[in-house]
Amino acid sequence: MAPPRSFLWTRRVFLTLLTGFVLIPVYVMLSSSLKPLADVTGTFRWLPTELTIRPYIDIWSTVPLGRYFVNSLIVAGAATVCSVVIAVFSAYAVSRYSFRGKRVFTVTVLSTQMFPGILFLLPLFLIYVNIGNATGIALFGSRGGLILTYLTFSLPFSIWMLIGYFDSVPRDLDEAALVDGCGPLGALFRVVVPAAVPGIVAVAVYAFMTAWGEVLFASVMTNDTTRTLAVGLQGYSTLNDVYWNQIMAASLVVSVPVVAGFLLLQRYLVAGLTAGAVK
């Protein structure tokens, strides 16, 4: 039965408004990044009177954007790899084995998502400073400390989502692998992991996006050497002026890795999130 015409028109209007709501800010960013600074700070015009790519050249010299880019890649990449590896082993153990405190563990892991991130800022700061004073291991102001910080946010959700996805993989596959001579780790890497690729990709994308755009902890736990992109963009605002065209250009540039990765892995991301949510 075909839906009524009123429903079709309502859907079209709603989708048109939603598309405009999403694309208009992107257009403003793109057009502003191609304008001279005087045009951006003046009266806004939807159609630029003068186009220039100078802001995309100046963003690399106004602030050390290249160094911030490398820091973000290292921190987000390392946090993603560690989160995926730890979540795979943890979720497999919870999904396939019974042990005392199993339900308490899963509930505790999921309940950590209820607390706001700022609640952990001061405790982590004090822990890192005290560890540095006692052992000489510099966690505060280092990439390693920031990676550990991001793991505290991405790991709980990653473990919970992979538990649901591993539960959807038939246990008969594990048993067949064990019969063929594989051990538990062999069954995990040769059977379960290939079958759970969409869920693992979803976890990886989630962990990377969490680390890539985080601002609060990166602004406190880093210094001039280890600063990431999310914090480094503040350098375009000085006491004398705000380089709005360069801010827009830099924002578009730093968004490219996340947007490109999301578009390339969208199929796996949707499948992984759906399977994990159903379970």
Side-chain angles (χ1 to χ4, degrees), residues 60-91 93-94 99-102 104-162 203-239 247 250-251 254 257-258:
W60 305 99
S61 57
T62 303
V63 301
L65 190 65
R67 185 174 67 201
Y68 299 157
F69 206 97
V70 172
N71 290 337
S72 291
L73 282 177
I74 293 176
V75 171
T80 300
V81 172
C82 293
S83 180
V84 169
V85 171
I86 298 174
V88 165
F89 284 105
S90 302
V94 174
F99 53 89
R100 182 177 299 177
K102 175 179 176 179
V104 175
F105 172 78
T106 55
V107 172
T108 302
V109 165
L110 188 58
S111 63
T112 57
Q113 299 296 298
M114 297 187 301
F115 300 100
I118 195 173
L119 188 67
F120 303 100
L121 181 59
L122 182 58
L124 285 175
F125 173 79
L126 295 177
I127 291 172
Y128 288 175
V129 171
N130 290 329
I131 290 177
N133 294 335
T135 64
I137 300 176
L139 292 178
F140 175 74
S142 67
R143 296 169 179 167
L146 198 59
I147 292 170
L148 289 176
T149 301
Y150 290 154
L151 284 178
T152 62
F153 304 119
S154 60
L155 261 182
F157 181 77
S158 301
I159 293 174
W160 174 76
M161 187 164 63
L162 278 184
V203 167
V205 172
Y206 166 77
F208 186 86
M209 294 179 64
T210 300
W212 185 263
E214 202 279 327
V215 177
L216 177 62
F217 285 85
S219 62
V220 176
M221 299 293 186
T222 60
N223 51 34
D224 293 337
T225 305
T226 59
R227 189 165 295 160
T228 59
L229 282 171
V231 181
L233 293 179
Q234 300 176 4
Y236 294 105
S237 177
T238 65
L239 294 176
I247 292 178
S251 300
V254 303
V258 177

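Note that this is a predicted model, so its numbers are computed, not measured. In this chain, numbering begins with 1 at the start of the sequence shown.
The two residues Ile147 and Ala78 make their nearest non-hydrogen contact at CD1-CB, 3.4 Å. In terms of heavy atoms, Asp224 sits closest to Arg67 at O-NH2, 3.1 Å. Residues Ala76 and Ala211 approach most closely at CA-CB, 3.8 Å, considering heavy atoms. Taking every heavy atom of both residues into account, Tyr206 and Ser158 meet most closely at CD2-OG, 4.1 Å. The two residues Ala79 and Leu151 have their closest heavy-atom pair at O-CD2, 3.6 Å.
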* Under the side chain to side chain contact (heavy atoms under 4.5 Å, CB included) criterion, do Val94 and Phe99 qualify, and how do the steps go? -> CA-CA 8 Å; Val94 174; Phe99 53 89; 4.1 Å; yes
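Remark: Ile159 CD1 to Ser90 OG distance equals 4.0 Å, nearest 0.5 Å. The distance from the OG atom of Ser83 to the CG atom of Leu155 is 4.5 Å, given to the nearest 0.5 Å.
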Could you tabulate the donor-acceptor pairs under 3.5 Å formed by side-chain atoms of residues 118-127, not counting sequence neighbours?
none

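You'll find the side chain of Leu233 stays beyond 4.5 Å of the side chain of Ile247, heavy atoms only.
By the side chain to side chain donor-acceptor pair (under 3.5 Å) test, Thr108 is found to be paired with no residue, residues two or more places apart in sequence or in another chain being considered. Scanning for ring-ring contact (aromatic ring centres under 6.0 Å, His included) contacts around Tyr236 gives an empty result, with sequence neighbours left out. For the ring-ring contact (aromatic ring centres under 6.0 Å, His included) test, no residue two or more places apart in sequence or in another chain qualifies with Phe105. Residues that satisfy the side chain to side chain contact (heavy atoms under 4.5 Å, CB included) test with Ala204, not counting sequence neighbours, are Thr80, Val84. Taking Thr226 as the reference, Asn223 meet the side chain to side chain donor-acceptor pair (under 3.5 Å) condition, with sequence neighbours excluded. With sequence neighbours excluded, the residues forming a side chain to side chain contact (heavy atoms under 4.5 Å, CB included) with Val85 are Val81, Phe89, listed by chain and number. With sequence neighbours excluded, no residue forms a side chain to side chain donor-acceptor pair (under 3.5 Å) with Thr228.
A donor-acceptor pair is defined here as one N or O able to donate and one able to accept, closer than 3.5 Å; such a pair exists between the side chain of Ser72 and the backbone of Leu229. In terms of modelled atom types and a separation under 3.5 Å, the side chain of Ser219 and the main chain of Leu216 share a donor-acceptor contact.
For residues 142-152, every residue pair satisfying the side-chain hydrogen bond (donor to acceptor under 3.5 Å, both in side chains) rule, not counting sequence neighbours, is listed here: Asn71-Arg143, Tyr128-Thr149, Tyr150-Glu214.
Aromatic ring pairs are classed by plane angle as parallel below 30°, tilted from 30° to 60° and perpendicular above 60°; the pair Trp212 and Phe69 is perpendicular.
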